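A short write-up of the structure that comes next.
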Number of protein chains: 2
Amino acid sequence: MSERPLMVIPQPTLKRLVVYHQWLKQLQERGRDVVSCTVLARDFKLDATQIRKDLEIAGIAGTPRVGYRIDAVIASIESLLGWTNVNDAFLAGVGNLGAALLGYERFTRQGVNIIAAFDLDPAKIGTKIHGKPVFSLTKMAPLAQRMKIKIGILTVPAPAAQTVADLMIAGGIEAIWNFAPTALQVPEPIVVESVSLASSFAVLLNQLQHQRHKTT
Amino acid sequence: MSERPLMVIPQPTLKRLVVYHQWLKQLQERGRDVVSCTVLARDFKLDATQIRKDLEIAGIAGTPRVGYRIDAVIASIESLLGWTNVNDAFLAGVGNLGAALLGYERFTRQGVNIIAAFDLDPAKIGTKIHGKPVFSLTKMAPLAQRMKIKIGILTVPAPAAQTVADLMIAGGIEAIWNFAPTALQVPEPIVVESVSLASSFAVLLNQLQHQRHKTT
DNA sequence: CAGTGTGAAAGGGTTCACAGCT
DNA sequence: AGCTGTGAACCCTTTCACACTG
């Protein structure tokens, strides 16, 4: 089952679909059940055509003069993104950010289920954080192997990141969600997606500077 | 002073420059003082020419056969991004993520200085988290105005995001770094940069699925 | 009309090819 | 050789233009 053509979804489209999804959920809670691209375009400050093409790529059809059925769009996006079946994950590095991610309930509705966390700090090992058990990092690889965990979330300090990534790979993990501000060297089939908060902030600063020069 | 031409930097380039910066810092600590694009290209799995063009945009020149001086590149990137003069910011929403950001020391070296945090929870108001004082949300707008704070970090739950964003704008804040999974409606000159963890994770999942189909 | 649907044009970013330097 | 520098080609994404539909 679930035999999608697995066509390549452009990354920008993929990211926007997630954002549409969040917003449509909210509109739905407010009792709406259809939207038009025109409205979405205003909300997101995007081009209406772009949204139409995004939805088209997701295999969603609308009806002219009316718009798109919100529940249908939500369902399509969820199935496209694979949120219908949840993926178990391990998290390494229970610092500020790691702990925050452990407590982020919303993830479960977005395809991630963090099963356990790992750290070196003896004060943390054996405790539970936001209901998730914390084990010693030395146990991560064997446990990942035994439990067939394929996704690792890396929230350790930069200097430790490569070492811990190697541990993950040794444990059979295939995809690493990397929050450490460093470049990871990983072998061929391993997938790495890095989140760079600093990059995002740099964009903000840059836009602010431009805005100021514009109005000066 | 600091009279840059303020040429438009492509956003992808901007983001990559931040990532180069992090990595070059690490190389520097390991005692290296030059790099070539060829090496960086391998580390980041990017095209060498792309890195050369990025550095060119940042106004950095290298020497043939040798490469680029790491300290010069770091300095150029920092000045380009405006990390030389630190920007004060307010943070609203001291939940898991908000608290984590308050404790992220590295920010100070990347142009952000979170001065204070704001929340509604009486248990948090009046305390300090990672050395940063937490005040009542009601005090945010007047304080922002008085202290001429221009950057707001929004880490409140989605349903509260619009209201708190409006408060920020009322307080004279010009740029909002938004971590809430929602679309913000803001008036013209206000800059919003949203971080969507869910989007990032969706990209990871998608790549993982492709990788699996490839090797099957 | 107020929306969807879609082919074609435009725009931007990435990659290629090759010249130049040491 | 091994690197930088750069114009041109390429490709992907966004935007435009317009036909279509209830």
Side-chain angles (χ1 to χ4, degrees), chain A residues 7-20 23-24 27 32-74 76-77 80 196 199 202-203 206-207 210, chain B residues 6-20 24 27 32-74 76-77 80 196 199 202-203 206-207 210:
Chain A
M7 137 193 66
V8 174
I9 306 161
Q11 246 188 52
T13 295
L14 191 63
K15 292 189 173 182
R16 281 192 301 264
L17 284 173
V18 175
V19 175
Y20 302 157
W23 187 235
L24 291 174
L27 291 183
R32 311 222 14 199
D33 59 271
V34 284
V35 260
S36 73
C37 286
T38 328
V39 172
L40 287 178
R42 191 174 28 72
D43 294 345
F44 291 114
K45 298 196 180 86
L46 293 175
D47 189 283
T49 308
Q50 181 167 73
I51 297 178
R52 240 175 266 130
K53 298 230 159 169
D54 286 342
L55 296 181
E56 191 192 1
I57 286 171
I60 301 160
T63 55
R65 167 80 232 226
V66 181
Y68 297 83
R69 299 203 35 156
I70 291 184
D71 55 1
V73 177
I74 289 177
S76 291
I77 293 177
L80 185 76
S196 172
S199 288
V203 170
N206 189 58
Q207 285 182 290
H210 278 283
Chain B
L6 198 72
M7 138 193 67
V8 174
I9 306 160
Q11 243 188 53
T13 295
L14 192 64
K15 292 190 173 181
R16 283 192 300 265
L17 284 172
V18 175
V19 174
Y20 302 157
L24 292 174
L27 291 182
R32 311 223 13 201
D33 59 271
V34 285
V35 260
S36 73
C37 286
T38 330
V39 171
L40 287 177
R42 191 174 28 71
D43 294 344
F44 291 113
K45 297 194 180 89
L46 294 175
D47 190 281
T49 307
Q50 181 166 74
I51 297 178
R52 240 175 268 130
K53 299 231 158 170
D54 287 341
L55 296 180
E56 191 193 1
I57 286 171
I60 302 160
T63 56
R65 167 79 232 222
V66 181
Y68 297 83
R69 298 205 36 152
I70 291 183
D71 55 2
V73 177
I74 289 177
S76 291
I77 293 177
L80 185 76
S196 172
S199 288
V203 170
N206 190 57
Q207 284 181 292
H210 278 284

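Owing to the predicted nature of the structure, the values given are computational and were not obtained by experimental measurement.
In the set D:dT14, C:dT4, D:dC3, the nucleotide with an atom closest to the side chain of A:Arg16 is D:dT14. Looking at the side chain of A:Thr49, the nearest of the listed nucleotides C:dG3, D:dT6, D:dT15 is D:dT15. When distances run from any side-chain atom of A:Thr38 to the nucleotides D:dT14, D:dG2, C:dG3, the shortest one goes to C:dG3. Counting only heavy atoms from C-beta on, B:Ser36 has its side chain closest to D:dC3 among D:dC3, C:dG13, C:dG3.
Of all non-hydrogen atoms in B:Ile70 and B:Arg32, the two that sit nearest each other are CD1-O, 3.9 Å. Between B:Lys15 and A:Val203, the shortest heavy-atom contact is CE-CG2, 3.7 Å. Of all non-hydrogen atoms in B:Leu17 and B:Ile77, the two that sit nearest each other are O-CD1, 3.5 Å.
Once rounded to the nearest 0.5 Å, the distance linking CD1 of A:Ile60 with CZ of A:Arg69 reads 12.5 Å. Note that the OH atom of B:Tyr68 and the CG atom of B:Leu40 stand 9.5 Å from one another [nearest 0.5 Å].
Fit an axis to the five pairs at each end of the helix from C:dC1-D:dG22 to C:dT22-D:dA1 and the two axes sit 0° apart, to the nearest 10 degrees.
Here the P atom of nucleotide C:dC16 and the NZ atom of B:Lys53 are 12 Å apart, to the nearest Å. To the nearest angstrom, P of D:dA9 lies 18 Å from CG of B:Asp47. One interatomic measurement links the two molecules: CD1 of A:Ile51 to P of C:dT4, which rounds to 9 Å at whole-angstrom precision. When the P atom of D:dC11 is taken as reference, atom CD of B:Gln50 falls 16 Å away, rounded to whole Å. One atom, CG of A:Leu46, and another, P of D:dT15, lie 8 Å apart when rounded to the nearest Å. With rounding to whole Å, A:Arg52 atom CZ is found 7 Å from C:dG3 atom C1'. Regarding A:Asp54, its CG atom lies at a distance of 15 Å from the P atom of C:dT6, rounded to whole Å. Here D:dG5 presents its C1' atom at 14 Å from CD1 of B:Ile60, a figure rounded to the nearest Å.
Between A:Tyr68 and C:dA2 there is no side-chain N or O to OP1 or OP2 distance below 4.0 Å.
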Report, one line per pair, each donor and acceptor closer than 3.5 Å where one atom sits in a side chain of residues 45-55 of chain A; sequence neighbours left out.
| from | atom 1 | to | atom 2 | distance (Å) |
| --- | --- | --- | --- | --- |
| A:Asp47 | OD1 | A:Thr49 | N | 2.8 |
| A:Asp47 | OD1 | A:Thr49 | OG1 | 3.2 |
| A:Asp54 | OD1 | A:Thr13 | OG1 | 3.0 |
| A:Asp54 | OD1 | A:Arg16 | NH2 | 3.0 |
| A:Asp54 | OD2 | A:Arg16 | NE | 2.6 |
| A:Asp54 | OD2 | A:Arg16 | NH2 | 3.4 |
| A:Asp54 | OD2 | A:Tyr20 | OH | 2.7 |

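A:Ala48 comes within 4.0 angstrom of no nucleic acid atom, judged by non-hydrogen atoms across all strands. Across all strands, A:Thr13 comes closer than 4.0 Å to no nucleic acid atom at all (heavy-atom distances).
Counting only distance, with no hydrogens or angles, the side chain of B:Ser196 and the backbone of B:Ser199 share a donor-acceptor pair below 3.5 Å.
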